[in-house]
Amino acid sequence: MTHLVIVGGGLAAGTAVETLREEGFDGDVTVVTEERHPPYQRPPLSKGYLQGEEGTDAVILHPAQWYADNGVHLSTGVAVTALDPAAQTVTLDDGTTLPYDALLLATGASPRRLPIEGADLPGVHTLRRLDDADALRAELKDGGRRLVLIGSGWIGMEVAASARTLGNEVTILERDAVPLAAAVGARMGEMFRGLHLEHGVDLRASVGVERIAGTDRATGVVAGGETVPADLVLIGVGAVPNTKLAEAAGLAVSDGILTDAALRTGAPHVFAAGDVANAYHPVIQRHLRSEHWENARRSGAVAARSLLGIRASHDSIPYFYTDQFDLGMELSGYPPLMSDAGLVIRGDLSAREFIALWTDDGRVVGGMNVNVWDAGETVQQLIRSGQRVDAAALADPDVPLESLLQ
Ligand code: FAD
């Protein structure tokens with residue numbers, strides 16, 4: 001009987017299991033995850049779950065019983081410590097060796113560490129896991145605390161919004177001149193800056209953090225020669241893919257595990273999906289690693305089909321969403337192709353109700369709908385079509401977006 005093994009406990013792993021069963025595979029499946037929870041999704045951890053509006057049921061994909069009911073062996077709290085592609089086995093930290101016919105590595109990513117003094121003090125947090133969110137929530141839930149965030153990426157900005165909503169004081173210290181500029185460019189980054197300033201976040205840009213002050217516990221962050229007082233600190237300076245296992249096994253790794261569009265690694269019968277996979281994208285013809293929910297979901301499904309020998313290709317347009325204060329947005333596009341030089345705004349930027357479209361040589365390569373709904377699918381169609389569109393028509397809200405599709 002065929003035995004498929006999935007390493008990881010995130011959305012990519014969870015979706016892969018679902019897809020295996022949906023595709024009618026009735027052989028053995030084992031999921032091994034080092035966390036003590038069944039596979040779960042992370043977006044609520046910086047939003048509704050952190051604010052106490054949602055519980056674990058919004059986070060966990062299926063309760064443990066679902067795996068039992070579907071004949072899936074779920075090993076929680078167990079890490080895979082070694083992979084032997086030649087022998088087709090993985091070794092677990094309880095000493096067990098598990099043979100596989102096909103293996104999916106869905107090991108995700110971990111918060112990037114900041115090599116500064118004080119980073120390990122109590123009161124200094126990172127946010128990746130449910131347990132991290134619980135610890136952070138315990139400190140923020142009653143309001144009145146001083147939170148200093150190091151970094152203004154998506155997680156930093158979302159936590160800032162949640163912490164303010166809970167009535168805490170929030171200071172963000174950002175190394176770059178504009179928050180989120182690496183993700184959405186300077187103009188859209190400025191829009192997010194305005195949103196946070198309006199909601200009372202003290203957002204300080206172009207600031208180099210020197211160290212975290214405190215002896216038994218963090219009491220402040222020293223930056224630009226000044227100490228910003230803190231009751232707690234969150235370091236949110238990005239994530240690094242969990243490639244240790246793959247690297248030690250001799251798999252090709254470069255900013256993630258390199259795969260083809262079917263999510264095959266170079267090793268026979270070994271696949272990768274989710275944040276850890278740097279997959280060849282057949283449309284833009286280069287490797288792309290996406291650290292987003294939708295990528296984990298779609299790549300988990302594609303990998304499952306590939307594991308079963310079904311032809312599948314991970315060729316979807318990267319997609320991301322965020323909710324901060326009263327702003328909701330969806331972003332679709334190919335980040336390497338999106339530059340402010342080709343940015344077109346459709347709608348009211350100052351009222352934060354608009355669609356931003358990034359063009360490259362007259363073609364739409366990215367689109368972000370902000371507090372405008374039902375536009376995401378058309379934006380994706382425009383990107384997918386690859387056709388040239390008139391910039392004036394694109395910017396004109398009186399010209400229906402759909403009409404630009406030929
Ligand atoms: P992960 O979710 O990281 O799961 C990997 C799992 O594998 C982990 O449980 C890990 O412990 C386990 N593992 C690793 N190595 C081993 C091993 N050797 N043995 C056993 N288990 C192992 N994306 C969006 O699009 N929109 C959002 O609003 C959004 N919000 C987010 C908020 C937060 C706080 C975070 C952290 C992420 C957010 N994301 C968001 C990103 C999204 O959650 C990730 O892209 C997604 O979690 C990736 O899923 P994954 O399955 O690839 O990896």
Side-chain angles (χ1 to χ4, degrees), residues 5-17 30-51 59-61 74-83 90-94 96 98 103-112 125-134 136-137 153-162 183 234 236 238-249 256-257 263 272-279 289-301 303 318-324 327-332:
V5 174
I6 298 175
V7 187
L11 184 60
T15 309
V17 180
T30 301
V31 178
V32 186
T33 172
E34 64 193 1
E35 291 191 66
R36 60 191 175 88
H37 312 283
Y40 65 93
Q41 55 174 343
R42 298 173 200 272
L45 303 186
S46 49
K47 311 178 189 72
Y49 186 83
L50 189 59
Q51 290 176 36
V59 178
I60 304 280
L61 300 178
L74 175 64
S75 287
T76 53
V78 179
V80 173
T81 52
L83 155 64
V90 288
T91 306
L92 313 185
D93 65 358
D94 61 8
T96 318
L98 219 54
L103 175 76
L104 175 60
L105 296 173
T107 48
S110 298
R112 179 173 288 122
H125 298 254
T126 54
L127 177 57
R128 182 81 196 177
R129 298 181 165 195
L130 242 174
D131 301 355
D132 300 334
D134 287 338
L136 203 53
R137 173 159 171 71
W154 292 120
I155 288 180
M157 297 293 266
E158 289 180 358
V159 171
S162 292
L234 176 77
V240 284
N242 293 325
T243 54
K244 223 170 92 186
L245 202 58
E247 261 172 279
I257 303 171
L263 302 177
D275 280 13
V276 79
N278 190 357
R289 193 173 72 78
S290 181
E291 286 181 356
H292 300 322
W293 182 90
E294 185 72 354
N295 174 64
R297 208 173 66 84
R298 289 189 180 150
S299 64
Y319 168 91
F320 175 76
Y321 66 90
T322 186
D323 294 306
Q324 297 172 29
L327 180 147
M329 79 81 162
E330 297 178 293
L331 170 65
S332 296

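Atoms within a ligand are numbered from 1 in the order they appear, just like the ligands themselves.
Counting protein heavy atoms only, atom 46 (C) of ligand 1 is closest to Asp275 OD1, 3.9 Å. Among all protein heavy atoms, the one lying closest to atom 22 (C) of ligand 1 is Glu34 CD, 3.6 Å. Given atom 18 (N) of ligand 1, the protein heavy atom at minimum distance is Val80 O, 3.0 Å.
At a heavy-atom cutoff of 4.0 Å, ligand 1 is contacted by no atom of Trp154, backbone or side chain. Of the heavy atoms in Ala296, only side-chain atoms (C-beta onward) come closer than 4.0 Å to ligand 1. Here Ala109 has backbone heavy atoms under 4.0 Å from ligand 1, and that is the only part of it that gets that close. Neither the backbone nor the side chain of Gln41 comes within contact range of ligand 1; no heavy atom lies under 4.0 Å. By the criterion of a heavy-atom distance under 4.0 Å, the side chain of Arg129, and not its backbone, is placed next to ligand 1. Contacts between Val276 and ligand 1, counted as non-hydrogen atom pairs separated by less than 4.0 Å, are absent for every part of the residue. Proximity of Glu291 to ligand 1, defined as any heavy-atom pair under 4.0 Å, is confined to the backbone N, CA, C and O atoms. At a heavy-atom distance under 4.0 Å, only backbone atoms of Val32 (N, CA, C or O) approach ligand 1.
For the pair Glu291 and Arg42, the salt-bridge criterion is not met [side-chain N within less than 4.0 Å of a carboxylate O]. Taking 4.0 Å as the cut-off between side-chain N and carboxylate O, Glu294 and Arg297 count as a salt-bridged pair.
Close contacts between ligand 1 and Val7 involve ligand atoms 17 (C), 19 (N), 20 (C) [criterion: under 4.0 Å to a heavy atom]. Atoms of ligand 1 found under 4.0 Å from any heavy atom of Ala12 (numbered from 1 in listed order, with element): 51 (O), 52 (O). For ligand 1, the atoms lying closer than 4.0 Å to a non-hydrogen atom of Lys47 are 27 (C), 28 (O), 29 (C), 30 (N).
Relative orientation of the Tyr321 and Trp293 rings is perpendicular, given thresholds of 30° and 60° on the angle between their planes.
Side chains of Thr33 and Glu35: a donor-acceptor N/O pair is absent below 3.5 angstrom, by distance only.
In terms of the side-chain contact (heavy atoms from CB on, under 4.5 Å) criterion, residue partners of Ala133 (sequence neighbours excluded) are, by chain and number, Leu45, Tyr49, Leu127. Among residues two or more places apart in sequence or in another chain, the salt bridge (Lys or Arg N to Asp or Glu O under 4.0 Å) test is passed with Asp134 by none.
Considering backbone and side-chain atoms alike, Asn242 places every N or O at 3.5 Å or more from each N or O of ligand 1. Checked against a 3.5 angstrom limit, the closest N/O atoms of Ser46 and ligand 1 fall outside it. Looking at Thr322 next to ligand 1, no N or O pair under 3.5 Å apart turns up. At least one N or O atom of Glu35 sits closer than 3.5 Å to an N or O atom of ligand 1. Considering both main-chain and side-chain atoms, Leu11 comes within under 3.5 Å of ligand 1 through a nitrogen or oxygen pair.
The option with the heavy atom closest to atom 23 (N) of ligand 1, from among Tyr40, Tyr49, Trp293, is Trp293.
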